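Each chain gets a letter, A, B and so on, in the order the sequences are listed, and its residues count up from 1. Quick caveat, the model's predicted, so the values are computed rather than measured.
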Amino acid sequence: MNEKLLKPYNAKDTEERIYKLWEERGFFNPDNLPDDRKESFTIIMPPVNANGSLHAGHGLVMTIEDIMIRYKRMRGYRALWLPGLDHAGFETQVVYEKKLEKEGRTRFGMDPKELYKEILDFTLENSKNIKSQIRNMGASCDWSREKFTLDSGIVKSVHQTFKRMYDDDLIYRGNKIISWCAKHQTSFSDLEIKDEERVDQFYYLKYGPFTIATARPETKFGDKYVVMHPNDKRYQKYKHGQKLTLEWINGPIEATVIKDSSIDMEFGTGVMTITPWHDNADFEIAERHGLDKEQIIDDQGKLLSLAGEFAGVHIKKARPLIVEKLKSKGLVEKIDENYKHIVRTCYKCGTVIEPQIKSQWFVKMKPLAIKALERINNGEITYIPEHYKKITLHWLENIIDWNISRQIVWGIPIPAKICDECGEGMIDIEDTIVKCTKCGGEARKDNDTFDTWFSSGQWPFLSLGYPDSSDFKTFYPTSVMETGGDIIFFWVSRMIMLGLYITEKIPFKNVYLHGMVLDAKSQKMSKSKGNVIDPLVLTDKYGTDAFRMGMVVGNTPGTSLALAEDRIRGYGKFANKVWNAARFVLDNTKDLNTEEIHKYDEEDKKSDEDLNNLITEITKEMDDFKFYIVAEKLYHYFWHTFADIIIERSKKKILEGRNADSAKALLYSQLTTLLKVLHPFIPFVTEEIWSMLPQKEKRLLMVEKWPHTNV
RNA sequence: GCGCGGUUAGCUCAGUUGGUAGAGCAAUCCGUUUACACCGGAAAGGUCGUAGGUUCGAGUCCUACACCGCGCACCA
């Protein structure tokens, strides 16, 4: 018997060696695969954020995608799984800022070039770590094709997309109201905002002859328009455009009456004043009527000179002071203490978002969304689970323009010049423009970077070397996009739109969305709660095969997974069981001529058929992405049929010499078949056992053919 | 407010076209047998959130409600 088989299974010793063997043999690269493979199967790995360690969610990604790719590779496809790393713009910058903070430093005031270099070094250092952790998960991705979102070729292509979209009138420089985080000093798209329900005080203030209601009295200094519904009978005597002089926070002002049908007559008093610079709805009203807009709050969140004696006070502290003053002037009519409303906050730090009017680059989304809607409605993309399709359609139908400018250094620079005199934005990839093409004024470099999703939204075709590479021709459109359901809008939907725009093809045929990995009690993992489970601790303790089984068994797409250590431990036993069953089989079939065809007795024949039927069943389920049920069925068959029944039965037959050949042949046949079908799930232990089979001319298990089925 | 999930054994979850409820872990009892004590055998455990409806038959289909989670929304 092979010496290794005398010892108990040792996952740790095996895994590193086997992974190395796989890499050396080169089959991760589809160009090196044996046999004539015509049809390709492609998965682009969601580029991993190179700003930390692999977390449990990554563990799930690597497991599911590796199962898919190994399965298709065994089914004879040109299987490509392309790995990548993401610079992850804002996310990484936030991580790095925290690091700076710990060192008593801050990014503000730092030389941008110096900061960029520091973050780049940090990212490159991390990426080494990440890549070794991906290997640890058994990922059979093609490292020779690895891409990073800041590779010069990628950056170049992103710049070209930017220009092409500008030329096609899909990108514009707009002076619009955007969401601003005063802590991070950058603008966001609407997706980076988290709505939060809060209970606040609601103030009814006397505004001349009106009573206006507001939750933010501290923004009201500049309010000189008072708005009501044109059909509101209560205010019929006031005409649109009518001017009134009234006493306000810092003295008398002249107010103008505006009639606008967006006003809800039922709400509050049916009258409000507007702050167009710091409120989306107010901005819209001001735009409709061509009203003045004045900035009240600066980028740091402090009141500007318009606030008079309150200038320089931070917005968070201003409210009680101003309410006090309003009260002293007798302008407060009443205060509702129990006002429930939604506050928009920064998804990262929870700071209340302060809308600001700024000049930024925007993508016109409607034309892009229309094309995506058409293809999705045609059924060209399959969503797993299906309900994500509905969610996507709803989002696309109500899409708004996308602000892609970020005021951070870490990211792909926006190749543009800005004229501060007339506000013109000019695309300048070659960096040659010095004067404004419109007014001749000074043109300065745009210091902003792209929203990271602008580049990752192009990832499927960029990572394959669009437009000229043979890879792009061979592997695009890709087969499956597997990622977390939480980035369905951020990433998946934008990839569809940008992919269609640039390549005129859907970027992927299937979208497989997994749920969140939660802790054992179904709580979200977070550092502050201290319930973070490190996948590498688990793979170290129980083996990667065990971890993978734990990730996939019973884990239906789209639903979250409670990751309990017991679960993984249980599947560690399974790997051991497979190992021991193999020991038994190999020990008892030494004298069996495995090249010869054997006859089974009745019960063995039945077992042979049973397994064939199972293979047929699971093959169909694999094609339907039902890995959760396949893993469970194989687990169950191996343990409770193959080991408990077939092996136990064979002991008797072999001992008594009754139909011993039939028994031995069945043992060997079932073991080899089971190793193949188990391989995508538990690749290490199966490959290790495979290497010990007494067959001549043997391939690696990873490129063996999936068992023939009746399908 | 609108929408989407979920509610099944102590815990975590499966349950494909409607046909007598399943797995893992935990807990119970017994057992060293050609691999495996990281084992084997046995037994236990559920009025499938609630209330109606369709049906010969509903965990599964329909309606309403409750609770949990999530997403979307410019009511100041």
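One C1' atom belongs to B:A64, the other to B:C25, and the distance between them is 37 Å to the nearest Å. As rounded to the nearest Å, B:G15 and B:C61 have C1' atoms that lie 16 Å from one another. For the P atoms, the distance linking B:G22 with B:A37 amounts to 31 Å, nearest Å. Here the separation of B:U32 from B:C36, taken at their C1' atoms, is 12 Å to the nearest Å. B:G24 and B:C38: their C1' atoms are spaced 15 Å apart (whole Å). Separating the C1' atom of B:A26 from that of B:G71 is a span of 35 Å, rounded to the nearest Å. Between B:G57 and B:G52, the distance separating the two P atoms is 16 Å to the nearest Å. Comparing the C1' positions of B:C4 and B:G18 gives a spacing of 25 Å, expressed to the nearest Å.
In this entry B:A64 has B:U50 as its Watson-Crick or G-U wobble partner, both defining distances falling under 3.5 Å. Using Watson-Crick or G-U wobble geometry with both donor-acceptor distances under 3.5 Å, B:G71 finds its partner in B:C2. For B:A26, there is no paired nucleotide, since no Watson-Crick or G-U wobble pair has both relevant distances below 3.5 Å. For B:A21, there is no paired base (Watson-Crick or G-U wobble, both distances below 3.5 Å). Partner assigned to B:A14 is none, using Watson-Crick or G-U wobble distances below 3.5 angstrom. With both pairing distances under 3.5 Å, B:U32 is matched to nothing as a Watson-Crick or G-U wobble pair.
Ring orientation note: the planes of A:Trp248 and A:Tyr207 are nearly perpendicular, at an angle over 60° on the 30°/60° scale. Between A:Trp639 and A:Phe574, the ring planes are parallel. Angles under 30° get that label, and only those over 60° would be called perpendicular.
A:Tyr628 comes within 4.0 angstrom of sugar-phosphate atoms only, judged by non-hydrogen atoms across all strands, and of no base. In this structure, A:Thr275 reaches neither bases nor backbone, as no heavy-atom distance under 4.0 Å exists between it and the strands shown. Residue contacts for A:Ile488: at a heavy-atom cut-off of 4.0 Å it reaches no nucleic acid atom on any strand shown. Among the protein residues, A:Tyr635 comes within range of the sugar-phosphate backbone only, with heavy atoms under 4.0 Å from sugar or phosphate atoms but none that close to a base. The residue A:Ala581 sits close to a base: some heavy atom pair falls under 4.0 Å.
Relative to the side chain of A:Phe584, the nucleotides B:C13, B:G71, B:A35 differ in distance, and B:A35 lies closest. Each of B:G15, B:A76, B:U34 was ranked by its minimum atom distance to the side chain of A:Lys220; first place goes to B:A76. Among the nucleotides B:G24, B:A76, B:A26, the one closest to the side chain of A:Tyr339 is B:A76. Closest to the side chain of A:Asp644, from the set B:A35, B:A73, B:G41, is B:G41. Side-chain atoms of A:Arg569 lie closest to B:C25 of the nucleotides B:C36, B:C25, B:C74. When the nucleotides B:A76, B:C36, B:A23 are ranked by their closest atom to the side chain of A:Glu632, B:A23 comes out on top. Relative to the side chain of A:Ile391, the nucleotides B:C72, B:C75, B:C4 differ in distance, and B:C4 lies closest. Checking B:A76, B:A14, B:C36 against every side-chain atom of A:Asp279, the shortest atom distance belongs to B:A76. Listed candidates were B:C36, B:A14, B:C25. Nearest to the side chain of A:Arg583 is B:C36. Proximity note for A:Asp264 (side chain, C-beta onward) versus B:C4, B:C36, B:A76: the nearest is B:A76.
For the residue pair A:Gln670 / A:Thr673, no side-chain donor-acceptor distance below 3.5 Å is found, with atom types taken as modelled.
Rounded to whole angstrom, the span from the CG atom of A:Leu396 across to the P atom of B:C72 amounts to 14 Å. In this structure, A:Tyr571 places its OH atom 15 Å from C1' of B:C38, rounding to the nearest Å. Rounded to an integer number of Å, the gap from CG of A:Asp195 to P of B:G71 is 9 Å. In this structure, A:His341 places its NE2 atom 12 Å from C1' of B:C75, rounding to the nearest Å. Rounded to an integer number of Å, the gap from A:His387 NE2 to B:G6 P is 8 Å. When the C1' atom of B:C38 is taken as reference, atom CG of A:Asp566 falls 13 Å away, rounded to whole Å. Following rounding to the nearest Å, A:Asp519 (CG) and B:U12 (P) show an atom-to-atom distance of 11 Å. Going from atom NE2 of A:His229 over to atom C1' of B:A76 covers 14 Å, rounded to whole Å.
No close placement of the A:Tyr71 and A:Phe627 rings is indicated, their centers lying 6.0 Å or farther apart. Not less than 6.0 angstrom separates the ring centroid of A:Tyr637 from the ring centroid of A:Tyr635. Between A:Trp402 and A:Phe362, the distance separating the two ring centers is not shorter than 6.0 angstrom. Checked against a 6.0 Å centroid threshold, the rings of A:Tyr388 and A:Tyr383 do not count as neighbours.
Judged by distance alone with a 3.5 Å cut-off, a donor-acceptor contact links the side chain of A:Lys577 to the base of B:C36.
When each of A:Leu561 and A:Glu648 is assigned the nucleotide of RNA chain B bearing its nearest heavy atom, the one mapping closer to the 5' terminus is A:Leu561. The 5' end of RNA chain B is approached more closely, in terms of each residue's nearest nucleotide, by A:Ile654 than by the other of A:Trp395 and A:Ile654.
Between A:Leu538 and A:Glu565 the shortest side-chain heavy-atom distance falls below 4.5 Å.
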